[in-house]
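Heads up: the structure comes next, in structure tokens.
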Number of protein chains: 2
Amino acid sequence: MGNQHKIPQATAKRLPLYYRFLNNLHIQGKARVSSKQLSDAMKIDSATIRRDFSYFGALGKKGYGYNVEYLLGFFRKTLDQDENTPVILIGVGNLGTAFLNYNFTKNNNTKIEMAFDADHAKVGEIIGNIPVHHIDELEEMMENISVAILTVPVTEAQGITDRLVECGVTGILNFTPARITVPEHVRVHHIDLAVELQSLVYFMKHYPLDDEG
Amino acid sequence: MGNQHKIPQATAKRLPLYYRFLNNLHIQGKARVSSKQLSDAMKIDSATIRRDFSYFGALGKKGYGYNVEYLLGFFRKTLDQDENTPVILIGVGNLGTAFLNYNFTKNNNTKIEMAFDADHAKVGEIIGNIPVHHIDELEEMMENISVAILTVPVTEAQGITDRLVECGVTGILNFTPARITVPEHVRVHHIDLAVELQSLVYFMKHYPLDDEG
DNA sequence: TCGAATTAGTGAATAATTTCACGACATTTT
DNA sequence: AAAATGTCGTGAAATTATTCACTAATTCGA
């Protein structure tokens, strides 16, 4: 719910990762796991993992480790895995299509409800079970959806963003290179594929071997 | 080139972003820019920007700001924009195709030279000017390429990784959810689309309005 | 049952990053 | 030419994040 706050942001960013790992362990039938094992598998320092978990209380048992099922159940609640968050996607290009085909609902509390595109040829298609509407219908189709994935050409980014905000969207996962401008109450996370690639190359050249970025 | 080190990693991660912004300003014909203007456009605190730039020396002028052309030229050298880094891509699904169609060579020092896939139907195609080969030919085709983009199904991730490392790859941009294991000298950057979406939703729920993540 | 081994939780130290706030200098205005 | 304004560069403070290293609890093996 609101903010039981004071979980560090760095920790919050790792939670979905922890969740998925625990889920995998559970599927594999593992009953217990230690911070050391998690550390090896996820490449995160074991002290960091223990510290992260400790923000939620004493979840493990000394000399034993963590009970996978218990921990998983705990994270499920913490991450609100029980209620599904509806999401829309704007821009059904290759990247958008990748998202539509990706079955998020498995292991995930999000579900892409519908997609929009400006290309009439795409309208009416159903991709990964998700219908594609024309962008002109955005305002009339949208109801109570607060999260949007933005995979449109960079030139359209700000314009579409303004319309999304107008429709009540308060969270945007932005894959365009544009640093979009939004009101205070709207959260934007940027993922810039070109920057990521360039960043990797820079790190390879200037930070020879060892630590993980 | 090795390490003129001591540029903080956080700064290094922002460099490609700075570069692209300056490039845009240059294209728009702007001659000067202040840290305040950059701050507004990129949503990064102006003091952080000045601090970042200062690691490279005194690049600006008091009371004036920064000369766009000079700064751009400086970053071009710093980011080795002049030499092109060849890259290969493994896995020509929707996400992989998005990369192939993305024209990285524009504004970028990287170029995807070839792609590989296990599906014979895709072999021989040319997507975004990049030829698709069969994954079996990986070892014989690869020569002197040190960077790979991994957009394969999660089940293939570790196996392909091992082969890439064997071929001399030292940097991998991993889009699979697998936390792949590599030797010490290989750098891996993970981008996990499901985690990013889930993370956005978590932040929306637990960190009400204001700061950017 | 006992001793050795394991492992969580955490105070304290360290490291990394961001932000404040101000002096110095350049530009612009009058 | 002087005053007002703008803006960088940076020491210092604040904040955030990671890691060390130890204690106490538990498990495991014989």
Side-chain angles (χ1 to χ4, degrees), chain A residues 3 5-15 17-18 21-22 25 30-72 74-75 199 203 206-207 210-213, chain B residues 3 5-15 17-18 21-22 25 30-72 74-75 199 203 206-207 210-213:
Chain A
N3 41 349
H5 231 191
K6 282 318 108 226
I7 286 139
Q9 295 217 1
T11 298
K13 287 218 189 100
R14 285 188 287 265
L15 294 183
L17 199 56
Y18 291 145
F21 247 85
L22 289 168
L25 288 176
K30 301 261 196 234
R32 64 183 273 193
V33 68
S34 71
S35 62
K36 180 60 167 49
Q37 291 169 317
L38 286 172
S39 173
D40 290 345
M42 317 204 321
K43 330 285 183 194
I44 296 174
D45 187 276
S46 70
T48 300
I49 293 173
R50 292 199 300 281
R51 173 82 59 197
D52 282 347
F53 290 2
S54 78
Y55 291 116
F56 299 100
L59 303 175
K61 211 191 280 187
K62 300 182 181 187
Y64 174 86
Y66 300 91
N67 179 296
V68 171
E69 191 152 5
Y70 175 75
L71 201 52
L72 185 63
F74 185 85
F75 277 114
S199 175
F203 272 84
H206 296 81
Y207 295 76
D210 58 304
D211 45 34
E212 172 77 359
Chain B
N3 40 351
H5 232 192
K6 281 319 109 224
I7 285 140
Q9 296 216 1
T11 297
K13 286 214 189 103
R14 285 187 288 263
L15 294 183
L17 199 57
Y18 291 144
F21 247 83
L22 290 168
L25 288 176
K30 301 262 198 234
R32 64 185 271 194
V33 67
S34 71
S35 63
K36 180 61 167 48
Q37 292 170 317
L38 286 172
S39 173
D40 291 344
M42 318 204 322
K43 329 286 184 194
I44 295 173
D45 187 277
S46 68
T48 299
I49 293 173
R50 292 199 301 281
R51 172 83 58 198
D52 283 347
F53 289 2
S54 78
Y55 291 116
F56 300 99
L59 304 175
K61 210 192 280 187
K62 300 182 183 188
Y64 174 87
Y66 300 91
N67 179 294
V68 171
E69 191 151 4
Y70 175 74
L71 201 53
L72 185 64
F74 185 85
F75 277 114
S199 175
F203 273 85
H206 296 82
Y207 295 76
D210 58 306
D211 45 34
E212 171 76 357

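We name chains A, B, ... by the order of the sequence lines, and we start the count at 1 in each one.
For A:Arg51 against D:dT18, no side-chain N or O and base N or O form a donor-acceptor pair under 3.5 Å.
The salt bridge (charged side-chain N to carboxylate O under 4.0 Å, His left out) contacts involving residues 46-64 of chain B comprise B:Arg14-B:Asp52, where partners must be two or more places apart or lie in separate chains.
In this structure, A:Tyr64 and A:Arg32 approach most closely via the heavy-atom pair O-NH2, 2.8 Å. Shortest non-hydrogen contact noted between A:Ile7 and A:Ala12 is CG2-N, 4.1 Å.
Regarding contacts with the backbone of D:dA17, every side-chain N or O of A:Thr11 stays at 4.0 angstrom or more from both OP1 and OP2.
With a 4.5 Å cut-off on side-chain heavy atoms, B:Ile49 and B:Ser39 count as touching.
For the pair B:Phe56 CZ and D:dT10 C1', the interatomic distance rounds to 16 Å; values are reported in whole Å. As a whole-Å value, the separation of A:Asp52 CG from D:dT19 P is 11 Å.
For the atom pair OG1 (A:Thr48) and CG (A:Leu38), the distance works out to 12.5 Å, reported to the nearest 0.5 Å.
Here B:Ser34 pairs with B:Lys36, B:Gln37 under the side-chain contact (heavy atoms from CB on, under 4.5 Å) rule; sequence neighbours left out. With sequence neighbours excluded, the residues forming a side-chain contact (heavy atoms from CB on, under 4.5 Å) with B:Tyr70 are B:Leu59, B:Asn67, listed by chain and number. For B:Phe53, the ring-ring contact (aromatic ring centres under 6.0 Å, His included) partners at least two apart in sequence or on another chain are B:Tyr18, B:Tyr66, B:Phe75.
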Protein-nucleotides 5-9 of chain D N/O pairs closer than 3.5 Å?
residue, atom, partner, partner atom, Å
D:dG6, N2, B:Gly63, N, 3.2
D:dT7, O4', B:Gly63, N, 3.3
D:dT7, O2, B:Gly63, N, 3.3
D:dC8, OP1, B:Ser35, N, 2.6
D:dC8, OP2, B:Ser35, OG, 2.6
D:dG9, OP1, B:Leu59, N, 3.0
D:dG9, OP1, B:Gly60, N, 2.8
D:dG9, OP1, B:Gly60, O, 3.4
D:dG9, OP2, B:Tyr66, OH, 2.9
D:dG9, N7, B:Arg50, NE, 3.0
D:dG9, O6, B:Arg50, NH2, 3.1

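Put simply, chain A comes within 4.0 Å of DNA chain C, heavy atom to any atom, from C:dT6 to C:dA12, going 5' to 3'.
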